[in-house]
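The structure under discussion appears below in the form of structure tokens.
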Amino acid sequence: MAEKATDQFFKDKVLGHPAGLFVLFFTEMWERFSYYGMRAILVIFLTGSLLGENPGWEWSSSAALSLLGTYAMLVYLTPLLGGWLADNKIGYRMAVVIGALLMTIGHASMAIETPTFLYIGIAFLIIGNGFFKPNMTSIISKMYEGHDDKKDGAYNIFYMGVNAGAFIGIMLCGWVGEKIGWSFGFGLAGIFMLLGMLQFYFAQPLFGNLGDKPVKATVEEKTTTNDALNSEIKLNHFSILDYLLIGVFIVSAIIFIINDPLSKIGDIQTFNFTIAGLSDSLFFALLAAISFILLLLIRIPRYQPIERDRMIAFSIFCIFTIFFWAAFEQAAGSLPIYTRDFTNRILEGNAATTFKIVDLIVTIVPLGVITYVLFSLFRKTFNKIGLSNIILGCSFIIVWVIVIYKVYIEFQSTETEVPITWFAILNSLFIIMFAPLFTKWWDSKYNPPASVKYFLGLFLLGVGFGFLAFGAKDVALGAQTASLSMAWLVFAYLFHTLGEMCLSPMGLSYLSKLIPARMIAFMFGVYYLAIAIGNKLAHYVGGDIEKITSEHGLSFFFLIFTLIPIGLGLVSLLLHPLLKKLMHGVR
């Protein structure tokens, strides 16, 4: 059998996969640690009281969530540019290093705790994420070329790293930020981002030429490729109207993205006008949405019939995706505020002891499993990438020291106050618990069609918010605080996670199945744009939690996120015959 170019990566295996995969696993884990750790405390810090042992900045929820929404939106858009730069200019590995370094600077800036450095830090995080995020999966894809039978397992391992990083990051940055100081929480995220970057940089010998700076194709090669493509496929070239609509969309979107937080944080009105009752921010948001919808309506019908139908089906899935993330991402915005102000988190006696034991188990067990993977990597690669292993080992020593200190402090007290951020770890914990079951379901003969998966995702998400709405039904109109049971939050996170596992992985899966290879870049942009819009919409609406709660009640606020997803889920179910026809045999 002829040797494949990527066979070299499979010579030194760890748990049946190339050692390089586990370098990427830990690099991504530390990046997710930093991202989710910082995100877990950002809104609580910004909206926290100016007075007290660990004061915040006392921003309004509208201002804090507007900033978070713009940050989250750009986090999903900058990878489009970062991916292009890596593909065409700097290579995947250099892009990862640059991105990690920029994000380290971003976290360090936020730790200074001044408005100027907060904005500088967020800008560095956005740009750094653009370099980092798309290129980790690109390296895996290249590493496994010719080994497609191993790819599914590789991505499962990689995404375990994603969830492990989110889990540990939220737990430790959240606990350190709430119990010790916000600067220490933000700083901790930066420390592990730096260690992750150094660990990856000094592991370069494992990757050979993989992810190097791309070699430019000659003019003759490009011409030959393009001629072959044109002879086989009728291309849908961009018209002047297409470019005009793209221009209107980009300009309008940028104005909205910048103007919305400026108007809410600093009361700076970039344009300061009202049209038909719409503020300048809403006007430009609506203009961006209309121009993009028109672009799709004009371009898609010009494709060949089967391609056209499949792109229409995928566009419908993108609409569902927007509303899913608009509700799901309340976990980063309005839910921490709900947890802090309306949940009874004080435990005493047996209840406190039980929580401490549960917290100990859910902290130690996953960390122990990941440490085992670390030692497995050491055994195979220490002679080749010793410095990288030492840096990785030091990062784990720091984690274990913080965990042991955390456990010691918690077990010393007779009562305990469950950290606000603790509930956010439930998403990653439930994913780790239930992902194998969903994988078996999708691989069985009972694997449901796309419309049913989207229905299940939206329906379960709505049910999760239904628990919160029911739990808050007796909270008085305009109440600023309450002592609701923590059980409502646990049920909410459980059903949100089950919904996520039904819907979230489907987007990229159906992108690869429905869209021809030559158009994947464009529709990949559409899909990421849908997630970005969902994130911004989540915090645009969630920022009004105080206003909606004072006028209509807390239960009504969560009822919005109950009824809309369930309603859209039913729409997905009703569209099943149409979607099946549009997909032309793709399941």
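Positions are given from 1, in the same order as the sequence printed here.
Rounded to the nearest 0.5 angstrom, I560 CD1 and L563 CG are separated by 9.0 Å. To the nearest 0.5 Å, the span separating CE on M160 from CD1 on I432 amounts to 5.0 Å. Atom OG of residue S428 and atom CZ of residue R32 lie 10.5 Å apart, to the nearest 0.5 angstrom. With rounding to the nearest 0.5 Å, the separation of CZ in F438 from CG in L456 is 8.0 Å. Interatomic distance, OH of Y71 versus CE of M38, reported as 3.5 Å (0.5 Å rounding). N135 contributes atom CG, which lies 11.5 Å from atom CD1 of I140 (distance to the nearest 0.5 angstrom).
Within 6.0 Å of the NZ atom in K440, the count of heavy atoms belonging to other residues, nucleotides or ligands does not exceed 12. Other residues, nucleotides and ligands contribute more than 12 heavy atoms inside 6.0 Å of the CZ atom of F22. Other residues, nucleotides and ligands contribute at most 12 non-hydrogen atoms within 6.0 Å of the OH atom of Y201. Atom CG of L570 is surrounded by more than 12 heavy atoms from other residues, nucleotides or ligands within 6.0 Å. Under a cut-off of 6.0 angstrom, the local environment of CG in N209 is sparse, with at most 12 non-hydrogen atoms contributed by other residues, nucleotides or ligands. Under a cut-off of 6.0 angstrom, the local environment of OH in Y76 is crowded, with over 12 non-hydrogen atoms contributed by other residues, nucleotides or ligands. Heavy-atom contacts from other residues, nucleotides or ligands closer than 6.0 Å to CE of M583 number more than 12.
When all heavy atoms are compared, the tightest approach of L537 to A326 is CD2-CB, 3.8 Å. In terms of heavy atoms, A530 sits closest to I322 at O-CG1, 3.4 Å. Heavy-atom minimum distance, L65 versus H539: O-CB, 3.0 Å. Minimum interatomic distance between L24 and M136 (heavy atoms only, all atoms of both residues): O-CE, 3.3 Å. Taking both residues in full, the closest heavy atoms of V526 and C318 are given as CG1-SG, 4.1 Å, listed atom of the first, atom of the second, then distance. Nearest heavy atom pair, residue G457 against residue L503, reads CA-CB, 4.1 Å.
You'll find the side chain of F124 stays beyond 4.5 Å of the side chain of M103, heavy atoms only. Contact annotation: the side chain of L514 never approaches that of M311 to less than 4.5 Å [non-hydrogen atoms, C-beta and beyond]. Looking at heavy atoms from C-beta onward, Y144 lies in side-chain contact with P18 at the 4.5 angstrom threshold. Between V162 and M29, the closest side-chain pair of non-hydrogen atoms is not below 4.5 Å. Using a 4.5 Å cut-off on side-chain heavy atoms (C-beta onward), L461 and L498 make no contact. Looking at heavy atoms from C-beta onward, T70 lies out of side-chain contact with I126 at the 4.5 angstrom threshold. Between Y540 and F256, the closest side-chain pair of non-hydrogen atoms falls below 4.5 Å. Contact annotation: the side chain of M193 approaches that of E31 to within less than 4.5 Å [non-hydrogen atoms, C-beta and beyond].
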Can you list the steps and then say if F465 with H496 is a ring-ring contact (aromatic ring centres under 6.0 Å, His included)? CA-CA 8 Å; F465 281 106; H496 290 178; 4.3 Å; yes
Show the numbers, then the answer: is there a side-chain contact (heavy atoms from CB on, under 4.5 Å) between I127 and T78? CA-CA 7 Å; I127 298 168; T78 50; 5.8 Å; no
Check the pair F317 / Y454 against ring-ring contact (aromatic ring centres under 6.0 Å, His included), numbers first and verdict last. CA-CA 8 Å; F317 292 144; Y454 275 82; 4.7 Å; yes
Report the C-alpha separation of V248 and F292 in whole Å, then their side-chain angles, then the decisive distance to 0.1 Å, and conclude whether the side-chain contact (heavy atoms from CB on, under 4.5 Å) test is met. CA-CA 9 Å; V248 171; F292 193 78; over 6 Å; no
Could you walk me through whether L125 and Y35 pass the side-chain contact (heavy atoms from CB on, under 4.5 Å) test, one step at a time? CA-CA 9 Å; L125 289 175; Y35 173 78; over 6 Å; no
Report the C-alpha separation of F284 and N259 in whole Å, then their side-chain angles, then the decisive distance to 0.1 Å, and conclude whether the side-chain contact (heavy atoms from CB on, under 4.5 Å) test is met. CA-CA 9 Å; F284 284 109; N259 189 61; 6.0 Å; no
List the steps, then state whether salt bridge (charged side-chain N to carboxylate O under 4.0 Å, His left out) holds for R302 with E307. CA-CA 10 Å; R302 301 203 304 252; E307 292 176 350; over 6 Å; no
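Here the options are F324, F430, F495, the test is side chain to side chain contact (heavy atoms under 4.5 Å, CB included), and the partner is E500; only F324 passes. For the pairing with F200, the ring pair (Phe, Tyr, Trp, His ring centres under 6.0 Å) check across F207, W30, F26, F25 returns one residue only, F207.
Taking 4.0 Å as the cut-off between side-chain N and carboxylate O, K581 and D309 do not count as a salt-bridged pair. A salt bridge is absent between K142 and D212: the closest approach of a Lys/Arg side-chain nitrogen to an acidic carboxylate oxygen does not fall below 4.0 angstrom.
For K536 (side chain) and S66 (main-chain N/O), a donor-acceptor pair under 3.5 Å exists by modelled atom type. Judged by distance alone, with hydrogens and angles left aside, the side-chain atoms of N129 form a donor-acceptor pair with the main-chain N or O of V75 at under 3.5 Å. In this structure, the side chain of R310 engages the main chain of H584 through a donor-acceptor pair within 3.5 Å. With hydrogens and angles ignored, the 3.5 Å screen pairs a side-chain donor or acceptor of T562 with a backbone N or O of G466. S572 places no side-chain N or O within donor-acceptor distance of the main-chain N or O of L568, the cut-off being under 3.5 Å. Of the possible polar contacts, none joining the D87 side chain to the W84 backbone as a donor-acceptor pair under 3.5 Å is found. A donor-acceptor pair is defined here as one N or O able to donate and one able to accept, closer than 3.5 Å; such a pair exists between the side chain of S263 and the backbone of D260. No donor-acceptor distance shorter than 3.5 angstrom exists from the side chain of T321 to the backbone of I531, with no hydrogens or angles considered. Checked by atom type and distance alone, the side chain of S444 pairs as donor or acceptor with a backbone atom of W441 at under 3.5 Å. A donor-acceptor pair is defined here as one N or O able to donate and one able to accept, closer than 3.5 Å; such a pair exists between the side chain of Q330 and the backbone of A538.
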